[in-house]
Amino acid sequence: GEDVEQSLFLSVREGDSSVINCTYTDSSSTYLYWYKQEPGAGLQLLTYIFSNMDMKQDQRLTVLLNKKDKHLSLRIADTQTGDSAIYFCTGGGNKLTFGTGTQLKVEL
Amino acid sequence: SAVISQKPSRDICQRGTSLTIQCQVDSQVTMMFWYRQQPGQSLTLIATANQGSEATYESGFVIDKFPISRPNLTFSTLTVSNMSPEDSSIYLCSVTPDSSYEQYFGPGTRLTVT
C-alpha cells in the first residue's frame, strides 16, 4: 500500500509563499491530491495532479510532481490567514492513503 | 463535484451503545467510502461501500463492529457498535463521482464516547 510522509508544521508570514512537501511510496497512483481541513471541518479537495504531469497551476496554487523522487509539493502564493489549516497530500487510487497532514500557520 | 451531508454532525454517546451515521449524496454514485479520523490523527479508511455489493473492510476493521448499509446510489449508513472511548473520532464518508477521479468528503460526524 501507499505510505505518505509530510512535515507536521509550517509557519509563514501573511503575503509570503508557502510550500508544503510530501513524499509517497506507491508510484502506481494515477492521481495525487491535496486536501485542506480547517478546524472542525471536513476535507476540501483543493487540487490534484495526474501522475504523468510535472506541474499544475490553479490560481494561487501550484502543484509540482517529481515522479522519479516520488515527491509532491503544494505552493500557495500570497498566503492569507484564511489559508491556515491542515493540508493533506494523498494518493493510492480510490482507496486514499493519507499522510499525517501539515499544519500551516499564517502569521500577520 | 458532489455535495455530501452527514447526520448527525456530532454526538456524545455512552459506552456499550451503538450509533448509526447517515451519509447522503446529491447525485448517484457507485463508489462510497467511510473513513475515521482519530483525535489529532490523519484519516484511515474503514471500508468501501459500493452499491450492489457487500462492503469491503480494511485491515483492522470488521463488519460486526462497523456494519455498513448501502441501499441505493445516494445513501449509506455506518454503525459504530458497542462503543468504547477508543471509538471517539470523526467519521467521514466520501464519494468518487462516476467517471471522475475526484474524491469528495462529507463534513464528518464527531463522535465522543464517554
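FYI, side chains are in, hydrogens and waters are out, and symmetry mates aren't considered; it's all heavy atoms of this structure. Sequence lines set the chain letters: A, B, ... in the order given, protein chains first and strands last, and positions in each chain run from 1.
Between A:Phe88 and A:Phe98, the two ring planes are perpendicular [angle over 60°; tilted spans 30° to 60°].
Annotation: cation-pi geometry satisfied between A:Lys56 and A:Tyr48 (NZ/CZ under 6.0 angstrom from ring centroid, within 45° of ring axis).
Side-chain atoms of B:Gln28 never come within 3.5 Å of backbone atoms of B:Asp98 as a donor-acceptor pair (strictly under, hydrogens ignored).
Within the 4.5 angstrom heavy-atom criterion, no atom of A:Gln103 approaches chain B. Of the two parts of B:Leu43, the backbone and the side chain both hold a non-hydrogen atom closer than 4.5 Å to a non-hydrogen atom of chain A. No part of A:Phe50 comes within reach of chain B, as not one of its non-hydrogen atoms sits under 4.5 angstrom from that chain. Using a 4.5 Å cut-off between heavy atoms, A:Leu96 touches chain B through backbone and side chain atoms alike. If you measure heavy-atom distances from A:Leu43 to chain B, the contacts under 4.5 Å come from both the backbone and the side chain. Looking at B:Arg110, the atoms closer than 4.5 Å to chain A (heavy atoms on both sides) all sit in the side chain, from C-beta outward. Heavy atoms closer than 4.5 Å to chain A are found in both the backbone and the side chain of B:Tyr101. When heavy atoms are compared at a cutoff of 4.5 Å, B:Gln6 does not approach chain A at all.
The distance from atom OG1 of B:Thr44 to atom CH2 of B:Trp34, rounded to the nearest 0.5 Å, is 15.5 Å. Here CG of A:Leu45 is found 5.5 Å from OH of B:Tyr104. Values are rounded to the nearest 0.5 Å.
Using modelled atom types and a 3.5 Å distance limit, the side chains of B:Thr79 and B:Thr20 yield a donor-acceptor pair.
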